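Input: a single structure, listed below in structure tokens.
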Amino acid sequence: DAGVIQSPRHEVTEMGQEVTLRCKPISGHNSLFWYRQTMMRGLELLIYFNNNVPIDDSGMPEDRFSAKMPNASFSTLKIQPSEPRDSAVYFCASSTPPGYEQYFGPGTRLTVT
Amino acid sequence: GNSVTQMEGPVTLSEEAFLTINCTYTATGYPSLFWYVQYPGEGLQLLLKATKADDKGSNKGFEATYRKETTSFHLEKGSVQVSDSAVYFCALTPINQAGTALIFGKGTTLSVSS
């Protein structure tokens, strides 16, 4: 069974450019989570969805960040415009009852120069 | 509110040493508890879990027991290997709340030398 799929695995872009990160959750999972990991701030929850509906986006740093989940098998995290401080590893995770444990993707390493 | 506190790292051990990584939590009700492991350059992987008091989660030689009276979920392994070098995260989720985000500790880096 395929795990959580993220693309791209690495992204290098220049400041001011738009960046789109993609995630395919595990089939049948109804919750999806976006995290950001940096050395300074550790693992931060950005936003999560239940049944494609955003539940909590209080972790989204600012209006430059947006996330969508148009259907149960796909989600995007967009940064526009990107800034060097957005450089981090972005993880997507999915889960489903009854265990609620989350399964993480391999991450997208974003570098903004 | 809900929170997780882990011991500060890094933890540095020799191969075959005994490992303990402390984790305590604050939560309303009875949360489910988890340990995740992150190997260099990879995403987090579920290592073990426990869903009620006195449950013991175990996997790959690692164990942790859900202690309600001390609100703890310490991770232990009797004999570590170099391949166990990774970052370990303790986490909780409030029980009976479907799709609730996990609350993670800050992570503890383990380095095992041969």
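By convention in this document, chain letters (A, B, ...) are assigned in the order of the sequence lines, proteins followed by strands, and residues within each chain are numbered from 1. For clarity, every value in this text was computed on a predicted model and none was experimentally measured.
No part of B:Gln45 comes within reach of chain A, as not one of its non-hydrogen atoms sits under 4.5 angstrom from that chain. Looking at B:Leu46, the atoms closer than 4.5 Å to chain A (heavy atoms on both sides) all sit in the side chain, from C-beta outward. Of the atoms belonging to A:Gln37, it is side-chain heavy atoms, and not backbone ones, that fall under 4.5 Å from chain B.
For B:Tyr36 and A:Phe104, the gap between ring centers is short of 6.0 Å.
Note: A:Leu43 leads A:Leu45, A:Asn51, A:Leu43 in heavy-atom pairs under 4.5 Å with chain B.
Salt bridge A:Glu83/A:Arg64: present, at least one basic N to carboxylate O contact under 4.0 Å. A salt bridge is defined here as a Lys NZ or Arg NE, NH1 or NH2 lying under 4.0 Å from an Asp or Glu carboxylate O, and A:Glu62 with A:Arg85 meets this definition.
Within the structure, every pair that satisfies the ring pair (Phe, Tyr, Trp, His ring centres under 6.0 Å) test and touches residues 9-32 of chain A, not counting sequence neighbours, is listed here: A:His29-A:Tyr103.
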